[in-house]
Amino acid sequence: MPIALITGASKGFGRAVTYALAERGWTLIVDARGEGELRSATQGLADVTAIAGDVTDPDHRIRLAQAVPGGRLDLLINNASTLGISPLPQLADYPLSELRTVFETNVIAPLALIQLLAEPLTDAGGVIVNVSSDAAVEAYPGWGGYGSAKAALDQLTNVLGIEEPRLRCYAFDPGDMRTEMHQLAFPGEDISDRPEPRTVVPALLRLLETRPPSGRYRAADLAMSEVAR
Ligand SMILES: NC(=O)c1ccc[n+]([C@@H]2O[C@H](COP(=O)([O-])OP(=O)(O)OC[C@H]3O[C@@H](n4cnc5c(N)ncnc54)[C@H](OP(=O)(O)O)[C@@H]3O)[C@@H](O)[C@H]2O)c1
């Protein structure tokens with residue numbers, strides 16, 4: 001059975017993807033910082049190893065890599081992410097220590113995991129999915145910190161796709177989803193019109209099944225059109 005490592009699996013999109021892949025018989029290694037929430041999210045799922053920790057912690061990343069069984073990994077989903085400060089500050093006022101945390105979480109940690117797992121991913125002819133955002137490519141006021149980190153993640157993905165021809169490297173933009181992170185971005189607003197994260201999972205599954213060339217893919221496009229092989 002295929003093996004995946006998914007970060008940020010206790011809530012939102014990561015949790016929905018974890019459920020979908022567990023249902024399809026995948027062996028999973030997952031994380032999140034909050035241990036209780038991670039345990040209850042993964043309770044009852046077959047073949048899921050849950051390891052609580054912070055992706056910015058090098059020791060935690062090593063524990064995740066050591067949990068990969070048999071020296072091969074079919075899929076790494078770098079999903080864990082931080083929005084940064086809520087309400088979102090303008091760049092002119094952005095506290096630089098907070099910006100460093102955003103980049104550590106959303107850019108450095110995903111690349112560090114890719115570096116640690118390069119060999120088992122390559123041996124499996126595997127797939128890397130870095131979860132991106134439209135804020136990586138659109139200039140929304142207040143989104144400069146998070147958006148520039150996601151833009152950096154996109155460009156890492158683009159270059160990896162060229163440097164690692166035996167892998168598929170995707171930046172996956174899920175679109176708006178009704179999650180805790182989305183609520184933090186719109187504090188006090190009613191976000192009940194945003195789609196549930198589980199509704200985006202079929203687009204990700206489509207990406208995994210069709211294995212198009214490495215690059216950036218939007219869930220909305222994957223849901224609507226044929227992907228070029
Ligand atoms: N929601 C949207 O509208 C939207 C739109 C575009 C892109 N995205 C992207 O989609 C992905 C999932 O977002 P979401 O909305 O599902 O977020 P979410 O509901 O806030 O869930 C985030 C998950 O990541 C974990 N996490 C956060 N920081 C972590 C860290 N440092 N180390 C380990 N785990 C960590 C959280 O658990 P703990 O807090 O317990 O660690 C949780 O399990 C993110 O990459 C986000 O940028 C979301």
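Both counts, for ligands and for their atoms, begin at 1 and track the order of listing.
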Contacting atoms of ligand 1, where contact means under 4.0 angstrom from a heavy atom of E180: 19 (O)
T56, any N or O under 3.5 Å of ligand 1 N or O: no
Ligand 1 to S81 polar contact by distance, N or O atoms, under 3.5 Å: yes
Atom 11 (C) of ligand 1: the protein heavy-atom neighbour that sits closest, reported with distance to 0.1 Å: N79 OD1, 3.2 Å
Those atoms of ligand 1 less than 4.0 Å from some heavy atom in A9: 43 (O)
Ring-face cation of R194 near F186 (centre distance under 6.0 Å, axis angle within 45°): yes
Ring centers of F172, Y217 separated by less than 6.0 Å: no
Region of D54 engaging ligand 1 - heavy atom pairs below 4.0 Å: both
N or O contact, F13 vs ligand 1, cut-off under 3.5 Å: yes
Interfacing atoms of ligand 1 (cut-off 4.0 Å, heavy-atom, M181): 15 (O), 17 (O), 20 (O), 46 (C), 47 (O)
Atoms in ligand 1 with a heavy atom of D176 nearer than 4.0 Å: 3 (O)
Nitrogen or oxygen atoms of K11 and ligand 1 under 3.5 Å apart: yes
Part of S132 within contact of ligand 1 (heavy atoms, under 4.0 Å): backbone
Enumerated ligand 1 atoms positioned under 4.0 Å from heavy atoms of G8: 23 (C), 24 (O), 25 (C), 43 (O)
Ligand 1 atoms in contact with Y146 (distance to a heavy atom under 4.0 Å): 7 (C), 8 (N), 9 (C), 46 (C), 47 (O)
Any N/O pair D173/ligand 1 closer than 3.5 Å: no
Part of R178 with heavy atoms under 4.0 Å of ligand 1, whether side chain, backbone, both or neither: neither
Distance-only donor-acceptor check, side chains D154 and S132, under 3.5 Å: yes
Short N or O distance, A80 and ligand 1, threshold 3.5 Å exclusive: no
Test of proximity, G34 against ligand 1: N or O pairs below 3.5 Å: yes
Those atoms of ligand 1 less than 4.0 Å from some heavy atom in G53: 32 (N), 33 (C)
Min N/O separation T179 to ligand 1 under 3.5 Å: yes
V55 N/O under 3.5 Å from ligand 1 N/O: yes
Side-chain donor-acceptor contact under 3.5 Å, T7 with D31: no
Check: D134 N/O within less than 3.5 Å of ligand 1 N/O: no
Which segment of A185 sits under 4.0 Å of ligand 1 when only heavy atoms are counted: neither
Ligand 1 atoms in contact with H182 (distance to a heavy atom under 4.0 Å): 1 (N), 2 (C), 3 (O)
